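Working notes for the structure below.
We count residues from 1, following the sequence as given. Fair warning: this is a prediction, and the values are worked out from it, not measured in the lab.
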Amino acid sequence: MAGTRDHISRPAHYLVRAAVTAPSLHNSQPWLFVARDDVLELYADPARRLRTTDPGGRELTVSCGAALFNVRLAMRHLGFRPLVRACDEPGRRNLLAEIRWGPYEPPGADEELLHRALTLRHTHRGPFLPGSLPEPLLRGLAGQCRAEGALLRVVADAEGASRIAEAVREAETVWRADPSAASEIARWAPVAAPVPEGEERSVHPAYPDGTAFAGRDYTGRSRHGCWREPVAGAGAPGAVVVLATRRDDRRDRLLAGQALQRMLLAAAAYDVRAAFHTQPLEIPALRERLRRTVTFGFPPQVVLRLGRASGSVPTARRPAAEVLSGIASAGPVPAAAPRRSGV
């Protein structure tokens, strides 16, 4: 990324190295950072918005919120209180937040637990190991979301989980039959040597429908957009949860990402992995159905399964230097680094 490197401090690099470990749709990593004196600015990268599955940038903003939480957590690890201002300025639409260094305050034990989990959190794909998660653990994860101002609905009844699985299956069937969606996935699923972005096909199950919750078909092995019944005994679906917010504006979506990442890190600290199933939230009618039937009228932002796994393979990340610029004084935001060819 273009910029004046001399003005990038070591602490800014440290914060951004933590930020880029956040999850994002198709591992698109749609964030940019600018260091201005004592301020770190978080921008959405519009070049990485998924125009078919996320035309309004809702999931992009959630992903950037997850990266924002990592910045806050890294700052707490260094012993400072982050001062965050969410931004929505007409002239700088891509600017999402400004983070300043607050007063010195040693981190608490819970914060350090989450910080250690930064290297442990990896998205899981496919079935989980048999066995259910303890209810106190699930309540604790819901509490992590509440601490950020979000709601985590744990769908404990089989009928409710079945309704969500049906919505996921409907949405995935739509996307598999949509040429533009298939093309979008193909661009973010490199076949060749690993690159620091996108979904490596080697980390995905041979077939995406290993549970009742259809997965995204990064390997291209589904047949003509159809969903296949999972093999009996292949594994457990895990606990089904849906994260929601009080409103559905940009600030609440940024809040949703912070709540999501806080919950994911708390889960990883106790060896719990998460599998994402946000497909129905990308289709307005299905998202509205889940809002009415699952999240008590609150806008759903993320659908996940939680469980234990024998192992989860991490996906690559862009280096901090590629997404961070230093600016000596206020001015225009530097242009984003070019994406690999094909986008």
Side-chain angles (χ1 to χ4, degrees), residues 1-24 28-49 57 60-107 111 114-115 118 148-149 196-197 249-262 317-339:
M1 184 174 175
T4 309
R5 301 279 178 200
D6 292 344
H7 293 288
I8 304 177
S9 66
R10 281 189 177 182
H13 270 288
Y14 177 81
L15 299 180
V16 174
R17 283 199 301 271
V20 299
T21 64
S24 58
S28 54
Q29 305 171 53
W31 40 68
L32 296 170
F33 293 88
V34 174
R36 299 179 187 270
D37 299 323
D38 65 339
V39 180
L40 184 66
E41 297 175 337
L42 166 61
Y43 290 83
D45 184 350
R48 291 172 176 267
R49 178 167 55 85
L60 178 151
T61 306
V62 172
S63 298
C64 288
L68 173 57
F69 182 81
N70 284 357
V71 170
R72 290 169 47 200
L73 189 61
M75 195 174 284
R76 290 296 300 123
H77 177 66
L78 293 178
F80 293 89
R81 175 67 60 183
L83 304 177
V84 179
R85 184 176 78 91
C87 303
D88 193 0
E89 302 174 8
R92 305 169 76 189
R93 287 295 300 166
N94 294 326
L95 176 61
L96 295 174
E98 295 177 343
I99 310 100
R100 288 178 167 79
W101 297 87
Y104 179 76
E105 181 180 320
E111 292 168 317
L114 296 181
H115 185 267
L118 281 171
E148 295 293 327
E197 58 190 8
D249 57 22
R250 190 165 85 154
R251 295 192 180 215
D252 269 50
R253 294 168 181 177
L254 196 66
L255 178 152
Q258 293 172 83
L260 169 68
Q261 184 67 351
R262 179 170 180 156
R317 292 294 191 274
R318 294 189 289 164
E322 188 174 319
V323 299
L324 172 63
S325 284
I327 306 296
S329 59
V333 181
R339 255 193 45 73

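Remark: side-chain polar atoms of Asp252 are not paired, donor with acceptor, to backbone N or O of Leu255 under 3.5 angstrom. Using modelled atom types, no side-chain atom of Arg48 and backbone atom of Leu60 make a donor-acceptor pair closer than 3.5 Å. Using a distance-only test at 3.5 Å, with no hydrogens or angles considered, no donor-acceptor pair links the side chain of Asp45 to the main chain of Leu32.
The structure places CG of Asp88 at 6.0 Å from CZ of Arg251, a figure rounded to the nearest 0.5 Å. In this structure, CE on Met75 lies 13.0 Å from CD on Glu105, to the nearest 0.5 angstrom. With rounding to the nearest 0.5 angstrom, the SG atom of Cys87 is 8.0 Å from the CZ atom of Arg250. Taking OH of Tyr43 as the start and CG of Asn94 as the end, the distance is 9.0 Å to the nearest 0.5 Å. In this structure, CG in Leu118 is found 9.5 Å from NE2 in His77, a value given to the nearest 0.5 Å. Here the CG-CD distance, from Asn70 to Gln258, works out to 10.0 Å after rounding to the nearest 0.5 Å.
For the pair Pro23 and Gln261, the minimum side-chain heavy-atom distance is below 4.5 Å. Counting only heavy atoms from C-beta outward, the side chains of Leu96 and Leu68 never approach each other to under 4.5 Å. Within the 4.5 Å cutoff, the side chain of Arg81 has heavy atoms near those of the Arg76 side chain. Side-chain contact check for Leu114 versus Phe69: some heavy-atom pair is nearer than 4.5 Å. The closest side-chain heavy-atom distance from Val39 to Trp101 is not below 4.5 Å. Under the 4.5 Å side-chain criterion, counting only non-hydrogen atoms from C-beta, Gln29 is not in contact with Glu322. Between Ser24 and Pro30 the shortest side-chain heavy-atom distance falls below 4.5 Å. Within the 4.5 Å cutoff, side-chain heavy atoms of Leu260 are placed close to those of Val62.
In terms of heavy-atom proximity, Ala67 sits nearest to Trp31 at CB-CE3, 3.8 Å. Taking every heavy atom of both residues into account, Arg17 and Ala320 meet most closely at CG-CB, 3.7 Å. Between Arg253 and Thr61, the closest heavy-atom pair is CB-CG2, 3.9 Å. Among all heavy-atom pairs drawn from Ala35 and Ala12, the shortest one is CB-CB, 4.1 Å.
A salt bridge links Glu148 to Arg72: at least one charged side-chain nitrogen sits closer than 4.0 Å to a carboxylate oxygen.
Taking the six-membered ring for Trp and thresholds of 30 and 60 degrees, Phe80 and Tyr104 have ring planes more than 60 degrees apart, a perpendicular arrangement.
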Quick one, Leu40 with Leu324, criterion side chain to side chain contact (heavy atoms under 4.5 Å, CB included). Give me CA distance, side-chain angles, the key distance, then yes/no.
CA-CA 9 Å; Leu40 184 66; Leu324 172 63; 4.0 Å; yes
One pair to check against side chain to side chain contact (heavy atoms under 4.5 Å, CB included): Leu42 and Val71. What are the steps and the verdict?
CA-CA 10 Å; Leu42 166 61; Val71 170; over 6 Å; no
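Residues satisfying the side chain to side chain donor-acceptor pair (under 3.5 Å) criterion with Glu98, sequence neighbours excluded, are Arg85, Arg100.
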